[in-house]
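Just so it is clear: chains get the letters A, B, ... in the order the sequence lines come, proteins before strands, and each one is counted from 1. Just so we're clear, the structure is a prediction, and the values are computed from it rather than from any experiment.
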2 protein chains.
Amino acid sequence: MATIHDVARAAGVSIATVSRALNGGARVNEATRRKVLETAHALDFRPNHAARGLATGRLGNVGVLLPEVANPFYGPILASIAQVAQQRGFGVFLADSREEAAAEPELATRLSLQVDGLILVASRMSDEDVTVVARRRPTVLVNRLVDGVDGVAVDAAQGMADLLAQVALLGHRRVCYVDGPAASRSGAAKRAGITRAAERHGVELRVEPSQSPTFVSGRAVAQRVLDSGCTAVIAFDDLLAWGVLTRVRELGVDVPGELSVAGFDDSLQDGMVTPGLTTVAARNGEMGAVAAAMLERRLGDQSLSPATEVLRCNVIVRGSTGPAA
Amino acid sequence: MATIHDVARAAGVSIATVSRALNGGARVNEATRRKVLETAHALDFRPNHAARGLATGRLGNVGVLLPEVANPFYGPILASIAQVAQQRGFGVFLADSREEAAAEPELATRLSLQVDGLILVASRMSDEDVTVVARRRPTVLVNRLVDGVDGVAVDAAQGMADLLAQVALLGHRRVCYVDGPAASRSGAAKRAGITRAAERHGVELRVEPSQSPTFVSGRAVAQRVLDSGCTAVIAFDDLLAWGVLTRVRELGVDVPGELSVAGFDDSLQDGMVTPGLTTVAARNGEMGAVAAAMLERRLGDQSLSPATEVLRCNVIVRGSTGPAA
DNA sequence: ATGAAAGCGCTAACAA
DNA sequence: TTGTTAGCGCTTTCAT
């Protein structure tokens, strides 16, 4: 692969001139520049990233650390980060913590060696560890906010509150909430949001734990939901809601006639469930794009004060919810 | 961040000794090595990747290029590649072509500057372009085979053939195949496999095109499937099959009593569809792991002759298929 | 067993 | 406007 020296020789100039012609564009004779660009192109010259990184301290890469690449919840986030980054000429470094919180600090450190900035998605690290990481490299948090660090998050509490309000509006006075993983931070927000809203609307809220935020777990808790005597059930996420919905219908329960069902995330494709699942749209792809943009902003100016963006969630009403019996 | 010089100074040795102690381990006094390791650890020394890359030519990274990160089909592949790579101490570089074939060569080139080896997942590049990329850096192909280049693929033709055989065994003589995207290479393999198998088993095969391999498209072609008078339908993938299944049931058709339905990929979670969808398991996660292992092998010895691994698919029979009416 | 020194390819002063 | 040169942090001969 051609080096800057090859280009310089072929163009009959010094390597410094090649460097200038290729980069900033400052003070280079127009004719020379054209000549250099031409030969560089002819030789298919590609600047060596490692060398440039060494010389400038800028690597031209961003790192993304997330809990689980294969999780459909994080896929869109990663995808839109990658899209924005690529478009801006940044490379994307990936690390997957496989849901192991303990592995995160080490992975983040390894990442930070090769990137200019980090995006931590749904990080399980302690606030302290996050701060340590953020001090080393410009960092943007996704779906997790820590004081003094840039971050984007979805306002899950607000989403859940709005969803409960919507259900209350339909006349439901006893609502069951199928909870997600205890460790989940967004889970805490959702529970807080729905609890507060239930109080405000005078709704009796019954919280039902679940094994995991999956379709199968949803099926498993369906019976307990029915036994609770609630007229509506809201789940931590769509998968759970879907499981509940499927199971209760198997048991002959009419949805939404006898039981209203709602989820969170809007992760089910149109038509996948009948009736359509009322849910809350979390706009994950957008979060990724915003995160990438925030990181770029910070890479441009480290002295900016930390920014936080909270994306509103929108309740999407479909056929799985209806008036209380 | 501490450099090798800091460690050398603190340990009272030269940087060369530090380098030796930290790496190969060749010719270093045991006491010195211990001392160096100790101070390196105390200073939390992390070798600078860019510098090491410059000096050795080895970057310690692998690059993954795939058509669409958010696609649940590729997620598991990427996840297992990342897992194997991380475990071996490699970093993972990601590029997403967003299904744009034309963008691939450039992305691959950009990737190759920062990695020791590449994994191209379901690449849409021409054989020539793939070969060019592979000549520049050790490369492993996933779900796409090219002569002279390492690769892992799922034997989709065999999978489809086995699936059709299974359906034929149930007595179906007229089968409808809902095709996927025309450009898809695996689509060509599937069509070839099912066509050959149909001939062999004396089954009349009717091919029905679809807009895209999605649930919605499946719903859209359902009516045409019914009109075809076939007693069984096999779809390019599970999403399509699911769409068909859902729609025909809405239309009052009994599955599998009046129509047997089967898909491909085993991408639906247990219980998501009723009855369970008969399908073919493509073992994507495994493909990723195999690809990563192959790449590591090749990074170890470039002179090895190209290897190709074809993973068998297994038909999984569930409730959506049954004896012909 | 250890150290000195020459690069790896590039950028960024500083000179000219 | 252009060239010379000193590193960036590390590995790796070659001496010692």
Side-chain angles (χ1 to χ4, degrees), chain A residues 1-40 43-61 89 91 109-110 112-116 136-137, chain B residues 1-40 43-61 89 91 109-110 112-116 136-137:
Chain A
M1 174 135 287
T3 77
I4 198 173
H5 288 99
D6 301 325
V7 179
R9 199 174 319 118
V13 298
S14 78
I15 60 165
T17 301
V18 174
S19 177
R20 272 181 229 123
L22 259 37
N23 299 322
R27 268 165 296 173
V28 199
N29 182 297
E30 192 47 39
T32 328
R33 133 167 309 116
R34 213 191 312 279
K35 172 83 177 148
V36 169
L37 259 37
E38 218 164 71
T39 52
L43 268 48
D44 192 27
F45 167 73
R46 307 282 180 152
N48 179 316
H49 268 231
R52 179 186 299 211
L54 239 200
T56 62
R58 270 169 285 115
L59 286 319
N61 296 138
T109 303
R110 269 154 67 167
S112 66
L113 263 23
Q114 317 212 53
V115 303
D116 298 322
R136 199 159 37 202
R137 289 263 185 272
Chain B
M1 174 134 288
T3 76
I4 198 174
H5 288 100
D6 301 326
V7 179
R9 200 174 317 119
V13 298
S14 76
I15 59 166
T17 301
V18 175
S19 177
R20 276 185 293 246
L22 259 35
N23 299 320
R27 266 166 298 178
V28 199
N29 183 297
E30 192 47 39
T32 327
R33 130 164 314 116
R34 215 190 310 278
K35 173 82 176 148
V36 169
L37 258 38
E38 218 165 71
T39 51
L43 266 48
D44 192 27
F45 167 72
R46 307 281 181 152
N48 179 316
H49 268 232
R52 178 183 298 206
L54 238 201
T56 61
R58 268 170 285 113
L59 287 318
N61 296 140
T109 304
R110 268 153 67 167
S112 67
L113 294 165
Q114 318 211 55
V115 303
D116 298 322
R136 199 160 36 204
R137 289 262 186 272

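Electrostatic pairing of A:Arg33 and A:Glu30 counts as a salt bridge here, judged by a charged N lying under 4.0 Å from a carboxylate O.
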Q: Sugar-phosphate means primed atoms, P, OP1 and OP2; the rest is base. With that split, encode nucleotides 7-16 of chain D 5' to 3' as B, S or - using protein heavy atoms under 4.0 Å.
A: BBBBBB----
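Of the possible donor and acceptor atoms, one in the side chain of B:Arg137 sits under 3.5 Å from a partner among the backbone N and O of B:Val115.
A heavy-atom distance below 4.5 Å is not found between the side chains of A:Thr3 and A:Asn48. The shortest side-chain heavy-atom distance between B:Met1 and A:Leu113 falls under the 4.5 Å cut-off.
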(Q) Between B:Thr32 and B:Arg20, does the side chain to side chain contact (heavy atoms under 4.5 Å, CB included) criterion hold? Intermediate values first, please. (A) CA-CA 10 Å; B:Thr32 327; B:Arg20 276 185 293 246; over 6 Å; no
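One atom, CG of A:Leu43, and another, C1' of C:dG9, lie 15 Å apart when rounded to the nearest Å.
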